Amino acid sequence: MPDIKKILVANRGEIALRVMRSARELGIKTVAIYSEADRNALHVRYADEAVCVGPPASAESYLRIDKILQTCKDLKVDAIHPGYGFLSENADFARQVEKAGIIFIGPSAESIEVMGDKLSAKAAVLKRNVPLVPGLDKAITDIPFAKEKADEIGYPILIKASAGGGGKGMRIVEDPAEFESQMDRAVSEAKNAFGNGAVFIEKFVTSPRHIEIQVLGDQKGNVVHLFERECSIQRRHQKVIEEAPSSVLTPEIREQMGQAAIDVAKSCNYYGAGTVEFIVDDKLNFYFLEMNTRLQVEHPVTEQITGVDLVKEQIRIAEGKALSIRQEDLSITGHAVEVRVYAEDPQNNFLPDIGQLKVYKRPQGTGVRVDDGFEQGMDIPIHYDPMIAKLITYADNREEAINRMIRAIDEYEIVGIQTTLSFCKYVLKHEAFTSGNFNTKFIEKYFQPSDLDEKISDVESEIAAALAVKLWSERKKKQTAQEENDKKVSLWKKNRL
């Protein structure tokens with residue numbers, strides 16, 4: 001397979017820039033696509049070439065496979081990197097890309113299909129003896145039978161959409177009397193969200209942690225894991241803060257989870273970068289949850305602790321080259337934390353916010369990394385995900401990485417919209433987080449919007465006090481200067497008389 005000379009990034013914002021930077025370091029030309037809403041976006045300006053593919057709505061632009069492939073043909077593109085979101089886990093897209101004679105920088109369409117459906121994924125990994133949460137491993141059609149099985153498994157029960165993600169089509173059932181009504185809701189929500197109403201049931205793990213393993217596989221059958229990421233701080237079943245490594249895994253469990261992740265990848269002949277997600281209970285028993293067949297939003301924390309550029313590895317794998325690293329070459333060095341900076345109001349149920357970035361100043365300094373796609377004066381569009389940036393800090397140990405993150409958050413200046421920065425700082429300073437004794441229920445157990453009121457009040461008090469001191473100091477200087485001036489004038493008059 002020839003070396004790639006030009007990559008089209010079928011995405012936008014920070015991930016498009018992230019991919020383009022690694023491509024540029026490899027001497028590869030890049031092509032950006034953009035909607036009319038992103039005409040002046042940073043990824044458009046950074047790329048060697050850029051093409052508008054439609055109106056602001058993603059269905060008419062970033063999801064238009066035909067326009068993307070035509071752009072590749074017109075500009076003689078060798079490969080497409082899908083980033084994350086949009087078409088990144090669309091098996092039909094991967095298949096059409098390959099059919100057009102273009103390299104897809106990702107796994108095969110077959111791997112995407114197997115792991116894109118939770119039931120087929122369970123069936124595949126079961127053959128490798130990967131631990132699964134107790135439950136039914138097939139779609140529910142017989143409700144009385146499902147209720148009988150739920151009684152055997154024991155409540156609470158989790159009803160999940162087979163094709164789901166992000167908490168959609170998911171219902172927790174505490175009481176057998178609610179089973180049928182919650183089932184109807186889950187099926188309806190799954191149909192609306194994914195066009196597929198298939199659901200299954202499994203035991204609901206109380207006090208769960210969400211821990212995932214990064215894997216890399218080449219087209220020669222080699223697979224390695226790059227350790228874990230702790231992703232338990234979530235709102236609406238979506239991650240807000242991630243870190244690597246986890247503060248609770250022992251070396252033995254880390255090795256077991258890493259091997260399980262490799263087995264998951266091998267169960268579907270996976271190549272490229274992928275993430276195997278596990279749910280972990282309070283006794284550190286772990287169970288396979290799903291596999292994301294793409295680069296994850298939180299991949300930078302893995303890069304920080306391993307020193308591996310995951311995008312460069314993706315490109316080399318797509319070129320048919322063997323992995324540049326072996327398992328024995330990999331080790332954990334230091335600790336990394338990432339906070340997702342969303343344009344959301346944490347005091348109003350994390351509702352998205354839009355507006356102009358009137359002030360936008362990134363934090364700097366040792367061990368601070370900002371992956372973003374905005375600059376001061378730009379608008380946060382309503383059409384796409386509300387994430388503004390990913391703020392990552394790295395240090396020798398967890399405590400230093402957390403303290404560095406708090407410092408970086410304090411330095412991050414964003415005016416014009418509400419963001420999740422204040423919430424992230426609240427989490428980072430909370431005893432449950434600093435002790436490592438937390439799970440996916442953190443917000444439910446510890447956070448109240450009023451908690452931020454107090455913090456904001458403290459900050460406002462400090463600002464007011466600082467301004468008062470500054471004003472008093474300026475008045476004093478003016479008064480002293482005036483007195484000195486009066487003295488000089490008086491002496492001058494006296495000498496003139």
Side-chain angles (χ1 to χ4, degrees), residues 9-21 32-47 50 52-63 83-88 166 233-242 296-298 300 338-364 368-392 405 408-427 449 452 456 459:
V9 183
N11 219 293
R12 64 181 295 279
E14 65 86 13
I15 189 58
L17 278 167
R18 163 74 192 89
V19 171
M20 289 174 187
R21 287 186 174 116
I33 59 169
Y34 63 94
S35 72
E36 291 168 3
D38 283 336
R39 187 171 298 277
N40 297 313
L42 296 187
H43 77 281
V44 176
R45 285 182 264 162
Y46 188 89
C52 181
V53 288
S58 56
E60 299 178 51
S61 52
Y62 293 106
L63 296 176
Y84 55 72
F86 290 138
L87 296 166
S88 62
I233 303 297
Q234 303 178 3
R235 51 91 179 99
R236 296 194 297 272
H237 301 285
Q238 294 178 324
K239 306 158 193 172
V240 186
I241 299 177
E242 299 101 350
Q296 291 278 87
V297 174
E298 60 273 19
E338 173 181 298
V339 304
R340 301 190 189 189
V341 186
Y342 283 106
E344 294 178 348
D345 185 356
Q347 293 183 292
N348 189 17
N349 199 31
F350 294 91
L351 286 178
D353 195 19
I354 58 171
Q356 186 184 63
L357 293 171
K358 295 177 182 177
V359 176
Y360 186 73
K361 294 182 180 178
R362 303 170 185 86
Q364 298 180 14
V368 176
R369 168 178 169 179
V370 180
D371 284 17
D372 64 6
F374 291 95
E375 62 185 3
Q376 189 164 295
M378 291 179 68
D379 292 324
I380 302 297
I382 196 173
H383 315 284
Y384 315 113
D385 185 89
M387 192 173 72
I388 301 169
K390 301 181 310 197
L391 174 60
I392 305 104
M405 178 60 77
I409 288 174
D410 286 339
E411 289 183 10
Y412 214 145
E413 293 184 52
I414 301 178
V415 176
I417 54 167
Q418 297 292 328
T419 77
T420 50
L421 282 173
S422 59
F423 166 75
C424 291
K425 184 177 177 181
Y426 170 83
V427 175
L452 298 185
I456 291 169
V459 171

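Worth knowing before you read on, the calculation uses all heavy atoms, side chains too, and leaves out hydrogens, waters and symmetry mates. Predicted, not measured: the structure shown is a model, and the values here were computed from it.
No side-chain heavy atom of His383 sits under 4.5 Å from any side-chain heavy atom of Ser58. Within the 4.5 Å cutoff, side-chain heavy atoms of Glu375 are placed close to those of Leu42. Residues Ile380 and Pro386 fail the side-chain proximity criterion, which asks for heavy atoms closer than 4.5 Å. Using a 4.5 Å heavy-atom cutoff, the side chains of Asp353 and Ile417 are in contact. Side-chain contact between Ser35 and Tyr384 is present, with heavy atoms from C-beta onward closer than 4.5 Å. Looking at heavy atoms from C-beta onward, Val297 lies in side-chain contact with Met387 at the 4.5 angstrom threshold. The closest side-chain heavy-atom distance from Asp371 to Leu17 is not below 4.5 Å. Arg12 has its side chain within reach of Pro381: a pair of non-hydrogen atoms, C-beta onward, lies under 4.5 Å apart.
Remark: side-chain polar atoms of Ser61 are paired, donor with acceptor, to backbone N or O of Pro55 under 3.5 angstrom.
A distance of 13.0 Å separates CD1 in Ile233 from NZ in Lys239, rounded to the nearest 0.5 Å. Residue Glu36 holds its CD atom at 5.0 Å from SG of Cys52, rounded to the nearest 0.5 Å. Here CD of Glu14 is found 10.0 Å from CZ of Phe374. Values are rounded to the nearest 0.5 Å. With rounding to the nearest 0.5 Å, the separation of CG in Asp385 from OH in Tyr84 is 7.0 Å. The CZ atom of Phe350 sits 7.0 Å away from atom CZ of Arg235, with the distance rounded to the nearest 0.5 Å.
Minimum heavy-atom separation, Thr420 to Tyr342: OG1-N, 2.9 Å. Between Gln356 and Asp379, the shortest heavy-atom contact is CB-OD1, 3.2 Å. Across all their heavy atoms, Asp372 and Ile388 have their closest contact at CB-O, 3.6 Å. Summarising the geometry of Asn11 relative to Gly85, their closest heavy-atom pair is ND2-O, 4.3 Å, with the distance given to 0.1 Å. The two residues His43 and Ala32 come nearest to each other via the heavy atoms O-CB, 3.7 Å. For Tyr34 against Tyr62, the heavy-atom pair with the smallest separation is CA-OH, 3.3 Å.
Of the options Gln376, Lys361, Arg362, a side-chain contact (heavy atoms from CB on, under 4.5 Å) to Glu413 is made by Lys361 and by none of the others.
Residue-environment remark: CG (Leu351) exceeds the threshold of 12 foreign heavy atoms within 6.0 Å.
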Q: Give the C-alpha distance, both sets of side-chain angles, the deciding distance and a yes or no for side chain to side chain donor-acceptor pair (under 3.5 Å) between Tyr412 and Thr419.
A: CA-CA 11 Å; Tyr412 214 145; Thr419 77; over 6 Å; no
Q: Start with the C-alpha distance between Met20 and Val9, add both sets of side-chain angles, then the distance that settles side chain to side chain contact (heavy atoms under 4.5 Å, CB included), and finish with yes or no.
A: CA-CA 8 Å; Met20 289 174 187; Val9 183; 4.0 Å; yes
Q: Give the C-alpha distance, both sets of side-chain angles, the deciding distance and a yes or no for side chain to side chain contact (heavy atoms under 4.5 Å, CB included) between Leu391 and Met405.
A: CA-CA 8 Å; Leu391 174 60; Met405 178 60 77; 3.6 Å; yes
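Between Arg340 and Glu242 there is a salt bridge, with a side-chain nitrogen of the basic residue lying less than 4.0 Å from a carboxylate oxygen of the acidic one.
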